[in-house]
Structures are given as structure tokens and as C-alpha cells.
Amino acid sequence: NLDSIKVEGDLGEFSVETDDVLESDWANNWKKYYKPTRVGEKIVIKPKWEDYTEKPGDVILELNPGRAFGTGTHETTSMCICELEKYVKNESVVYDIGCGSGILAITAAKLNAKKILAVDIDEIAVEVAKENAKENGVLEKIDIFKGDLADKISKDQKADVIVANIM
């Protein structure tokens, strides 16, 4: 551990100081900034530990992203949610590639998609996505798995909507 670093260069002299942070602090402190958020016209992302008074027409997603990516507050995630609102119909088949917390697959399920395949290469993300889908009562509509989508589907399978909120 370095207590400080001195750097000299074209920007002049400056120093960088570091401090130790307990794992329990950073693992939980972010939660106080994660509040219920409306995304699009009717989707409301509600952290599990927060209260929210539902309004008529709201579609509520209770979420605990845990150690997986996907809170709904990032611009790319919210844009994907808005597009799902536009394009998912009752008979839609949706693929969520790089599902992270499962937020997009759960959104599709809450918008009444018929079938959703959600895949991620990260085992932790798959576990978190399954937990979130179960908490939202949509696990039976979503096939969540670790690996490559090409390993799971045959070439003749088709999706109506594909979301890939990845790098």
C-alpha cells in the first residue's frame, strides 16, 4: 500500500493520496444513492429496499443488482428499456445478450413478452438475474443461462427483439 504518490511532469507537481476503505462500506454505501427511477413512459425501477407509491399504469421492476451490472440508471440501459416499451408485444420472443442483473429480460417479461432468453458470460450475473426474475414473479418466462447464445439456440430460432447492452 502506498500512502501517497508524487508525480512531476508537464502539469506541474501534484500528489495523490490513498486511503483504505472497508469492503463492507463500498459494497453497501452505493445503495443510499439508488432510488426509484421512472424510465420511459411506464417502467419504474424500484430498489428492493426502497418504498414507492405506485401510480396507475406503472410497471414496477423490483431490483437488487448486487454484484451484477444493471440498475436502470445508466443511459444505455434506460435507452434499451425505452425501446423495449416500443417494440415488445404480447407474442414477442426477446433475447437479452449480456443480461447482467436481468433488468432488460425482466422488463420484457413485465411487458408481456411470450418468451425471453437471457445470457451472460458471468456466473454471478446469471445468479443475480435469476434472483431478480424470481423476485419479480417472471422467472418462468425467462430462460437465464451462462455461456454463449449460439450454444443455446438452433439456427432456425428467431427473435422479435434482441437487446445487447454490453461494451
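All values below come from the heavy atoms of this structure, side chains included, with hydrogens, waters and symmetry mates left out.
- Nearest heavy atoms, I106 versus A133: CD1-N, 3.6 Å.
- Pairing each heavy atom of D160 with each of S92, the nearest pair is OD2-CA, 3.2 Å.
- Hydrophobic clustering places Y95 together with F145 (ILVMFWY residues linked when any side-chain heavy atoms are closer than 4.5 Å, directly or through intermediates).
- We find the CD1-NZ distance between I124 and K146 to be 11.0 Å, quoted to the nearest 0.5 Å.
- The two residues A113 and V88 come nearest to each other via the heavy atoms CB-CG1, 3.7 Å.
- In this structure, K42 and D58 have side chains that are not in contact, with every pair of non-hydrogen atoms separated by 4.5 Å or more.
- Using a 4.5 Å cut-off on side-chain heavy atoms (C-beta onward), I97 and V163 make no contact.
- Atom CD of E50 is separated from atom OG1 of T37 by 9.5 Å, given to the nearest 0.5 angstrom.
- Remark: the N165 side chain and the T77 side chain contain an N/O donor-acceptor pair separated by less than 3.5 Å.
- No more than 12 heavy atoms of other residues, nucleotides or ligands lie within 6.0 Å of OH in Y87, so this atom counts as exposed by the packing criterion.
- Here the closest non-hydrogen pair linking D96 and A105 is OD2-N, 3.1 Å.
- In terms of heavy-atom proximity, P47 sits nearest to P36 at CD-N, 3.6 Å.
- Remark: K86 engages E83 in a salt bridge, criterion side-chain N to carboxylate O under 4.0 Å.
- Residues L117 and I162 fall within the same hydrophobic cluster, defined by Ile, Leu, Val, Met, Phe, Trp and Tyr side chains chained together at heavy-atom separations under 4.5 Å.
- There is a path of hydrophobic side-chain contacts, each under 4.5 Å, that joins I116 to L139.
- Once rounded to the nearest 0.5 Å, the distance linking CD1 of I60 with NZ of K110 reads 8.0 Å.
- Ion pairing between E62 and K48 fails under the 4.0 Å rule for side-chain N and carboxylate O.
- Counting only heavy atoms from C-beta outward, the side chains of D120 and I144 never approach each other to under 4.5 Å.
- Both V59 and I142 belong to a single network of hydrophobic side chains, linked directly or stepwise wherever heavy atoms of I, L, V, M, F, W or Y lie under 4.5 Å apart.
- Residues E41 and R38 approach most closely at O-NH1, 3.2 Å, considering heavy atoms.
- Residues K134 and E131 form no side-chain contact, since every pair of their non-hydrogen atoms from C-beta on lies 4.5 Å or further apart.
- Using a 4.5 Å heavy-atom cutoff, the side chains of V161 and K89 are not in contact.
- Between I43 and L111, the closest side-chain pair of non-hydrogen atoms falls below 4.5 Å.
- Side chains of I81 and I103 form a contact here, defined as non-hydrogen atoms less than 4.5 Å apart.
- Of the charged side-chain nitrogens involved, none lies within less than 4.0 Å of a carboxylate oxygen, so that D143 and K115 do not count as a salt-bridged pair.
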